[in-house]
Amino acid sequence: MQPFKPSPPSPALDEPAPPDAQLRIAVTFKGRASAGPTKLAARLSSRSILSFEPAPGEMETAIEALRQRGFTVSGRGRMTVSVRGSVAQFEEVFGTHLTPFNLSKKQSYSSDQVFYPAKGAPWNPDPALSALIDDAYIQWPHIYLADPGASARPPAVGYYHLDVLKDVPAKLNAAHIHKERHHGEGIRVAMIDTGFDHSHPFFTRNGFTSSVVLAPSATNRRTDPGSHGTGESANVFAVAPKVTFIGVKLGDDDDPNGGASILEGFQEALKHKPHVITVSMCYDLRDNDGVSELKELPNGLKALEAEIQAAIASGIVVVFSAGNGHYAFPASMPEVLCVGGTFVAEDGAMKASDYASAFTSGIYSGRHVPDVCGLVGMLPNADYIMLPVPPGAEIDTGNAEHDGTTAGDGWAVFSGTSASAPQIAAVCALLLQKNPKLTPAEIKALLVRTAIDVREGSASPASDPEGLGIKAGPGIDGATGAGLVDAFAAWQQA
């Protein structure tokens, strides 16, 4: 929800890392290759990733070695393992020293501090463990791409905005698909987010059903103090109201700095065999100059990259938000379906959202973000779509300062690429319902080929090294990719 606001991480001066502080750690493996994914010179792809799949028994042997050294396994994927351990355990096993880094409170980070080896810190891991794994990296907090009793009906506000049930499917041209009695039946969509309070009358009175599972350290399936996942999930139901919705909650209600990493959430989602995974979160890969993107993917994110590649190789459609002025990863991965933003005005005029990211990746050669667009508002706050949120929770009270709603009424007007990703994930579900044999690459090609050209406006200036915002124009352009998704046009060709 929140747009990018510059403020780099900084070491906490004269503050040692608490020995008992818990860490989220990603472990990768070498597989059949001589070097693992964190050592590979070339970038991973959905083909090359399979060479790093651990041999039978290899992962189990490493897990046992990690357990013997005091670590607890929190998640397991096809390519990687997530473990938890204390600062003291990590420093001892990997022969290093961890420094506390404070993270900007201007961003919606999942935690306000991370413990990590500072530049020049020693790295002398246990040789016996090193022989069993490729590497281990502490996971940095991710960014949520967001800013008495609730009513099933939203409040009136005095400006143009979208009704999520009526306007979102209409402007994405999904209403015609609904008339053909296709609503996403039989397709499993997993959404990874803060949590999902689907006891809100909006969901119950409209007959929307879901199941919620907890990622490691997440608590309480029925609540969502962060409120981001509850609101954004309404976009899925608006476009594909009868999908099998699987919410993967990352948040820990008792500890705002606790909860799960994106990798742990992704590993949990894979257990439920989804057809589509949608994620409205990112890591901002901004260089130290504050304006340009890094040229190499940090090794700490390669475990997540590996699991995403393996998921796509197995036929799962993986959708990520393009970012709100961020140099967003994993959206920048070429195989991911990356969704940016288009603003559709009351008179139907379309322009690129200046809230949404658009950039050419410095990490993945030839990759441009976004592929296509969903519906996103404009700066400064992207107040655009009326969405249900837990009454009195974070977004309900925070947005009431500017969106015309009342704190505690269970509604907020917001969007960002947090909204556009689940919108287009739901379109993917409609396409898969019609043709279950479609591959992720074929679905992306369908959406690109049939998208509505957006020729006006500029994307976020914060994702442009020039500080201007990449401009839209005729055809596939830098600001909106192929343009606004036309669900019915893509559905007809599926």
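All residue numbers in this chain count up from 1 along the given sequence. Below, each value reflects all heavy atoms present in this structure, side chains not excepted, and no hydrogens, waters or symmetry copies.
- For residues 238-280, the set of pairs meeting the ring-ring contact (aromatic ring centres under 6.0 Å, His included) definition, not counting sequence neighbours, comprises Phe196-Phe245, His198-Phe245, Phe237-Phe245.
- Within the 4.5 Å cutoff, no side-chain heavy atoms of Asn381 are placed close to those of Phe414.
- By the 4.5 Å heavy-atom criterion applied to side chains, Phe29 and Val81 are counted as neighbours.
- Looking only at distances, a side-chain donor or acceptor of Glu58 sits under 3.5 Å from a matching main-chain atom of Ala55.
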Q: Just do the salt bridge (charged side-chain N to carboxylate O under 4.0 Å, His left out) check on Glu53 and Arg78 with the steps written out, would you?
A: CA-CA 7 Å; Glu53 186 171 11; Arg78 182 176 177 182; 3.2 Å; yes
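- A ring-centre distance under 6.0 Å is found for Tyr116 and Trp140.
- In this structure, Arg24 contributes its side chain and Gly85 its backbone to no donor-acceptor pair below 3.5 Å.
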Q.
Run the side-chain contact (heavy atoms from CB on, under 4.5 Å) test on Cys428 and Ile443 for me, step by step, so that the C-alpha distance in whole Å, both residues' side-chain angles and the decisive distance to 0.1 Å come before the verdict.
A. CA-CA 7 Å; Cys428 295; Ile443 286 177; 3.7 Å; yes
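- Between the CE atom in Met386 and the CG atom in Asp167 there is a gap of 11.0 Å [rounded to 0.5 Å].
- With values rounded to the nearest 0.5 angstrom, Met350 atom CE is found 6.0 Å from Leu484 atom CG.
- The aromatic rings of Trp491 and His182 stand perpendicular to each other, their planes meeting at an angle above 60°, with 30° marking the opposite boundary.
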Q. Between Phe115 and Leu23, is a side-chain contact (heavy atoms from CB on, under 4.5 Å) present by the stated rule, with each step listed?
A. CA-CA 8 Å; Phe115 308 109; Leu23 307 173; 4.0 Å; yes
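- Judged purely by distance below 3.5 Å, without hydrogens or angles, the side chains of Arg84 and Ser217 pair a donor atom with an acceptor atom.
- Under a 3.5 Å cut-off, the side chain of Gln423 and the backbone N or O of Leu375 do form a donor-acceptor pair.
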Can you give each donor-acceptor pair under 3.5 Å made by side-chain atoms of residues 333-344, sequence neighbours left out, with the distance rounded to 0.1 Å?
unit_1: Glu335; atom_1: OE1; unit_2: Gln309; atom_2: NE2; d: 3.0
unit_1: Glu335; atom_1: OE2; unit_2: Arg43; atom_2: NH1; d: 3.3
unit_1: Glu335; atom_1: OE2; unit_2: Arg43; atom_2: NH2; d: 3.1

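- For Glu293 and Arg286, the salt-bridge test fails: no basic side-chain N is under 4.0 Å from an acidic carboxylate O.
- In this structure Tyr327 satisfies the ring pair (Phe, Tyr, Trp, His ring centres under 6.0 Å) test together with Phe359, sequence neighbours excluded.
- In this structure the side chain of Leu387 reaches within 4.5 angstrom of the side chain of Asn235, judged on heavy atoms.
- The stretch residues 209-230 participates, sequence neighbours left out, in no salt bridge (charged side-chain N to carboxylate O under 4.0 Å, His left out) pair at all.
- Residues satisfying the side-chain contact (heavy atoms from CB on, under 4.5 Å) criterion with Ser48, sequence neighbours excluded, are Leu44, Ser45.
- Aromatic ring centres of Phe90 and Phe71 lie farther apart than the 6.0 Å criterion allows.
- In this structure, the side chains of Ile192 and Ile262 stay at 4.5 Å or more apart for every pair of heavy atoms.
- Between the side chain of Asp134 and the backbone N or O of Thr38, at least one donor-acceptor pair lies under 3.5 Å.
- Distance CG/Leu431 to CD/Gln493: 10.5 Å, rounded to 0.5 Å.
- Using a distance-only test at 3.5 Å, with no hydrogens or angles considered, no donor-acceptor pair links the side chain of Ser227 to the main chain of Ala393.
- If you take CZ on Arg153 and CH2 on Trp411, they are separated by 10.0 Å, rounding to the nearest 0.5 Å.
- Residues Asp112 and Leu103 fail the side-chain proximity criterion, which asks for heavy atoms closer than 4.5 Å.
- Between the Gln433 side chain and the Ile187 main chain, no donor and acceptor come within less than 3.5 Å of each other.
- Contact check for Asp409 versus Asp396: side-chain heavy atoms found under the 4.5 Å cut-off.
- Checked by atom type and distance alone, the side chain of Asp403 pairs as donor or acceptor with a backbone atom of Val413 at under 3.5 Å.
- The salt bridge (charged side-chain N to carboxylate O under 4.0 Å, His left out) pairs that include a residue from residues 421-447 are Asp371-Lys444, where partners are two or more places apart or lie in different chains.
- Listed by chain and number, the residues in a side-chain contact (heavy atoms from CB on, under 4.5 Å) with Asp486 are Asn173, Ile452, Phe488, Ala489 (sequence neighbours excluded).
- For the 3.5 Å distance criterion, the side chains of Ser357 and His326 fail to qualify, holding no donor opposite an acceptor.
- With a 4.5 Å cut-off on side-chain heavy atoms, Ile246 and Val189 do not count as touching.
- Take Asp135 and apply the salt bridge (charged side-chain N to carboxylate O under 4.0 Å, His left out) test, not counting sequence neighbours, and it matches Lys39.
- For Phe320, the ring pair (Phe, Tyr, Trp, His ring centres under 6.0 Å) test picks out no residue, with sequence neighbours left out.
- In this structure, Leu250 and Thr194 have side chains that are not in contact, with every pair of non-hydrogen atoms separated by 4.5 Å or more.
- Checked by atom type, the side-chain pair Glu264/Ser82 shows no donor-acceptor distance below 3.5 Å.
- Pairs engaging residues 193-213 under the salt bridge (charged side-chain N to carboxylate O under 4.0 Å, His left out) rule: none recorded [sequence neighbours left out].
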**Q.** Criterion side-chain contact (heavy atoms from CB on, under 4.5 Å) on Ser280 and Tyr144, from CA distance to verdict
**A.** CA-CA 7 Å; Ser280 296; Tyr144 288 106; over 6 Å; no
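- With sequence neighbours left out, the side-chain hydrogen bond (donor to acceptor under 3.5 Å, both in side chains) criterion links Asn299 to Tyr137, Lys302.
- Annotation: salt bridge (charged side-chain N to carboxylate O under 4.0 Å, His left out) contacts involving residues 236-256, sequence neighbours excluded, comprise Lys249-Asp253.
- Although no hydrogens or angles enter the test, the distance criterion places no donor-acceptor pair under 3.5 Å between the side chain of Ser420 and the main chain of Cys373.
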Q: Go through Ile49 and Met79 one step at a time and tell me if the side-chain contact (heavy atoms from CB on, under 4.5 Å) criterion holds.
A: CA-CA 8 Å; Ile49 187 59; Met79 316 299 298; 3.8 Å; yes
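- In summary, the side chains of Asn324 and Thr417 do present a donor paired with an acceptor at a separation below 3.5 Å, with no hydrogens or angles considered.
- Of the N and O atoms on the side chains of Arg76 and Gln267, not one donor lies less than 3.5 Å from an acceptor on the other residue.
- A side-chain donor-acceptor contact under 3.5 Å links Gln139 to the backbone of Gly300.
- Judged by distance alone, with hydrogens and angles left aside, the side-chain atoms of Ser321 form no donor-acceptor pair with the main-chain N or O of Gly323 at under 3.5 Å.
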